[in-house]
Amino acid sequence: MPIQKPPLHHLHLHLHLHLHLRSHLLLLSLFFFYLTTADDAAVMSKLLSALSPTPSGWDNKTPFCKWTNVNCDSTNKFVTSINLDSQSISGTLPPELNQLSSLKSLSLQKNSFSGAIPSFANTTLQKIFLDFNSFSSVPPDFLLGCTNLQVISISENGQLSPWQIPLYLTESSNLQSFLASNSSIVGRIPDFFGSFPNLQDLRLAYNNITGGLPRSLGGSEVRNIWLNNQIQGLSGRIDVLSSMTLIYQVWLHANTFTGPIPDLSNCSNLFDLQLRDNQFTGVVPASVMQLPNLMNVSLANNKLQGPLPVFRAGVTVTLGVTNSFCGTSPGPCDPQVTALLAVAGALGYPMVLAQSWVGNNSCSGDWTFITCDPQRKNVAVVNFGKQGFSGTISPAFANLTSLRNLYLNDNNLTGTIPEILTSLPQLQNFDVSNNNLAGPRPVFPPSVKFSYAGNLLLGKNQTAGGNGGGTPGNGSTSDVPSGSKTGSGGSKGSSVSAGMIAGVVISVLVFVGVVLFVSYKCYMKRRHRRFGKVEGSEKGSEMVKSNVDGGLNGYGGVPSELQSQSSGDHSEIHMFEDGKYSVETRLAGTFGYLAPEYAATGRVTTKVDVYAFGVVLMEIITGRKALDETMSDERSHLVTWFRRVLINKENIRKAIDSILDPDEETYESICKVAELAGHCTAREPHQRPDMGHAVNVLGPLVEQWKPAKSQENESYGIDLHMSLPQALQRWQADEGTSRMFDDLSYSQTQSSIPSKPNGFADSFSSNDCR
């Protein structure tokens, strides 16, 4: 069948439509081109009218592309740069500036511009210079989406409202310079420098930036860094400098940096190092003194230690008079001073040591924690006990050959015990108890009393039990080599994990004993009130339901630990049971008891339980709720308030529940528990002890605690000389019970809680305990 051709008039119509459409598209594109060009003209006209005086060479009668210091593209239609540097111009910038679609460079520095800085979000801007003006605010989307940005210069705008360095700058991966000194920046420096492979200049001096140096600065291309003179001061260590291999100029002066100056041997280009007016401690590294290109260095107004630093010829050095160098002239320190400085170095050079360890004579009488022999020549005692030091034990202690007593107990020391310390000829006492030491336990001569309790990982391969062989759990001072037998009753191959499990179990029993002791006091106070049966199922259910719904656990309105605070799946548990009456609620955490990392991530670890245990200890000591909204903000959160209390031991006495009315001996015990509570509620999980440590602290105290007032107990035949466990056993015998725990039926769980002793009322509050 032959193919039919379309009629000729159809072809003419199709061609006509095609040409008509193309003409319309051309007209439309020309129209938009005209509008864009008109936009640039309108924006430049608005900018001109906002400036005073009128810039030289700017006139509305002249095309804007011919104005002085205004550059346009090859079409002479679109503005690409504006330069009004140092023209003594005032006025405000119109928000329409961001409509200059081809603007790449804006230079308005060193004038008197005021008002809000307009947003340049999603523009083609590459360089913006606004420094040395009087702008009032930075918009939240100031440079959002400016992917071509290379230079930000906004320094010396001290009248700006406080603003933070925006995270969206990571989109500007071509950034080379960020200059914003004295521009009212607050907050922390974001850890985002891995996003800027070309950044060379970072100048943020004279702001109110806080926190530490971001880790991502290490390995960056930054050559000049100015972070000096922050209002509150940057803090922390400056170790990140050691990996900034291209660094040329470092200005960190007038802050609150701490710790030692790091090894800068990889920073061979460093020319200018300004570290004055901080809190640096430790010995000036030889690598700093030997930097080949260093010309200026300022270390004044710190607490640096060790020999007086000597720099090569030609270097301008400022040392000041507040440092703690061992001498005023170059040369090594006294051997004992050198040894003690090495000891301090293993602890991170604590400020408390740098402040008092001044001069070249450790036996001058002014060195804190140091005691010398009667002749005041040799160090005899080093007592770092209970100072909260972190770090490791330095083998340099072995250089103190006259050392008799070394106390390092109750700190946060890690690592191993140097074997060389066993060779100290005059050592009599060595106490490392209650730290986090690990590794083999060295064997000291029989003449040395070696205390090491509370270090669960120390000697972890040793066997348990025996004839006083001493394990971290019992505080023995006898010396048994790691892996040796400790008596006929010792088991072989006991692992540290089994010991930790046993410690957790024991700690739970200790905690239950404390709770029962409080319950016992309340029972003695209210012995005239007997448990009454609830009449009628409806009445009983309503009573119990009101207590559950109110979130109370029977202690004066403290939110129940079983109060639900999330929508996830929870086990159900019988909250109250008497005959046929029972109420079920859901098991969850309670605000005030939740560890910060659990509240943030929902991850449950043993350290979460340690935190809650610490909160309960604080409640027992103070008689306060974990979270009390009736108090002022600074006192409502028990943990936060109690941390401030622990700063000064005398504050603890004021914080103790008045009903306890402790004597001096009891007060000392309470202080130990308070200190433990503080460690248990540390902000960081790794800073909290294991429950085995809590057992070591509380275990001896349980044997010491006795009823405080005889008049409350005489009618019940309690011997005041009984320990708490003995009193509890006697109490159970008087009540006709033979077990500390009775199983309660649970729904979807196999846990158990202590039974309620006979004679308790339906509920009791903290006031009833008083």
Side-chain angles (χ1 to χ4, degrees), residues 109-110 112-117 129-140 142-143 152-167 169 177-193 199 201-217 222 224-241 244 247 249-259 261 272-281 296-304 318 320 322-323 351 354-355 633-634 640 643-644 647 683:
Q109 66 269 36
K110 298 178 181 178
S112 299
F113 287 108
S114 58
I117 298 174
F129 300 91
L130 303 178
D131 39 310
F132 291 93
N133 279 288
S134 300
F135 290 110
S136 60
S137 62
V138 176
F142 176 31
L143 298 168
I152 304 171
S153 184
I154 195 175
S155 297
E156 303 304 326
N157 279 280
Q159 298 180 23
L160 284 171
S161 300
W163 62 291
Q164 296 189 19
I165 300 173
L167 288 173
L169 285 181
S177 299
F178 184 21
L179 315 178
S181 295
N182 190 27
S183 59
S184 303
I185 298 178
V186 298
R188 303 174 69 93
I189 303 174
D191 194 6
F192 62 179
F193 292 95
L199 183 64
D201 293 303
L202 180 65
R203 304 183 186 184
L204 305 175
Y206 292 94
N207 284 296
N208 194 16
I209 302 174
T210 55
L213 298 182
R215 291 184 180 181
S216 56
L217 279 172
V222 174
N224 301 292
I225 182 168
W226 295 5
L227 297 175
N228 53 286
N229 295 88
Q230 303 300 322
I231 295 176
Q232 296 185 44
L234 288 162
S235 58
R237 297 167 64 110
I238 62 169
D239 297 339
V240 69
L241 288 182
M244 298 178 69
I247 197 69
Q249 186 175 52
V250 175
W251 286 9
L252 299 180
H253 50 282
N255 281 290
T256 58
F257 289 114
T258 56
I261 299 173
D272 189 11
L273 179 62
Q274 301 295 320
L275 301 179
R276 61 179 172 82
D277 300 301
N278 279 285
Q279 299 175 21
F280 290 116
T281 55
N296 297 295
V297 58
S298 176
L299 305 176
N301 296 327
N302 285 289
K303 287 295 180 181
L304 295 168
T318 305
T322 63
N323 287 303
M351 177 59 73
Q355 289 176 331
D633 290 343
E634 64 180 13
T640 304
R643 285 195 187 115
R644 294 195 294 268
I647 295 175
R683 291 182 178 88

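Side chains included, hydrogens not; waters and symmetry mates left out as well; all remaining heavy atoms used. For the single chain, residues carry numbers from 1 onward in sequence order.
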- Does the side chain of Met351 reach to within under 4.5 Å of the side chain of Thr258, using non-hydrogen atoms? no
- Message: Closer than 3.5 angstrom, by distance alone: can the side chain of Ser136 be matched with the main-chain N or O of Gln159 as a donor-acceptor pair?
- Response: no
- Item | Ile225 vs Ile247 side-chain heavy atoms within contact, under 4.5 Å | yes
- Which distance, rounded to the nearest 0.5 Å, do you find between the CG of Asn323 and the OG1 of Thr281? 10.5 Å
- Task: Return the minimal non-hydrogen interatomic distance between Lys303 and Ala354, and the atom names on each side.
- Result: O-CB, 3.7 Å
- Item | N/O donor-acceptor pair under 3.5 Å between Ser235 side chain and Gly212 backbone | no
- Have Asn278 and Asn302 got a donor and an acceptor in their side chains that come within less than 3.5 Å? no
- Minimum side-chain heavy-atom gap Asn207-Ser183 below 4.5 Å: yes
- Query: So, do Trp226 and Gln249 sit near enough that their side-chain heavy atoms are less than 4.5 Å apart?
  - Reply: yes
- Message: Measuring from atom CD of Gln279 to atom CG of Asn255, what distance do you get when rounded to the nearest 0.5 angstrom?
- Response: 10.0 Å
- Task: Measure from the side-chain N and O atoms of Ser184 to the backbone N and O of Pro162, and report whether any donor-acceptor pair falls under 3.5 Å.
- Result: no
- Say you draw a straight line from CH2 of Trp251 to CG of Asn228; how long is it, rounded to the nearest 0.5 Å? 6.5 Å
- Message: Working note: Phe135 + Ile154, criterion side-chain contact (heavy atoms from CB on, under 4.5 Å); need CA distance, chi angles, decisive distance, verdict.
- Response: CA-CA 10 Å; Phe135 290 110; Ile154 195 175; 5.9 Å; no
- Exactly one of Asn133, Asn157, Leu130 clears side chain to side chain contact (heavy atoms under 4.5 Å, CB included) with Phe113, and that residue is Asn133
- Item | Rounded distance (nearest 0.5 Å) linking atom CG of Asp239 with atom CZ of Arg215 | 10.0 Å
- Message: To the nearest 0.5 Å, what is the distance between CG on Leu213 and CG on Leu227?
- Response: 6.5 Å
- Are side-chain heavy atoms of Phe178 and Leu204 found at a separation under 4.5 Å? yes
- Message: Please give me the minimum heavy-atom distance between Phe192 and Pro166, naming the atom from each residue.
- Response: CE1-O, 3.7 Å
- Message: What's the separation between atom CZ in Arg188 and atom CD1 in Ile209, rounded to the nearest 0.5 Å?
- Response: 11.5 Å
- Shortest non-hydrogen separation from Leu160 to Ser137 and the atoms involved: CD2-N, 3.3 Å
- Item | Validation row: Ile189, Leu217 side chains within 4.5 angstrom (heavy atoms) | no
- Query: Can you check whether Ile261 reaches Leu304 side chain to side chain, under 4.5 Å on heavy atoms?
  - Reply: yes
- Note on the structure: Heavy-atom closest pair (Pro214 atom, Val240 atom, distance to 0.1 Å) is O-CG2, 3.8 Å
- Task: Would you name the heavy atoms of Ala180 and Ser155 that are closest together and state the gap between them?
- Result: N-OG, 3.3 Å
- Query: In terms of ring plane angle, is the pair Trp163 and Phe142 parallel, tilted or perpendicular, where the classes change at 30° and 60°?
  - Reply: perpendicular
- Does the side chain of Phe280 come within less than 4.5 Å of Ile238's, by heavy atoms? yes
- Task: Taking all non-hydrogen atoms of both residues into account, name the closest pair between Ala205 and Gln230 and its distance.
- Result: CA-NE2, 3.8 Å
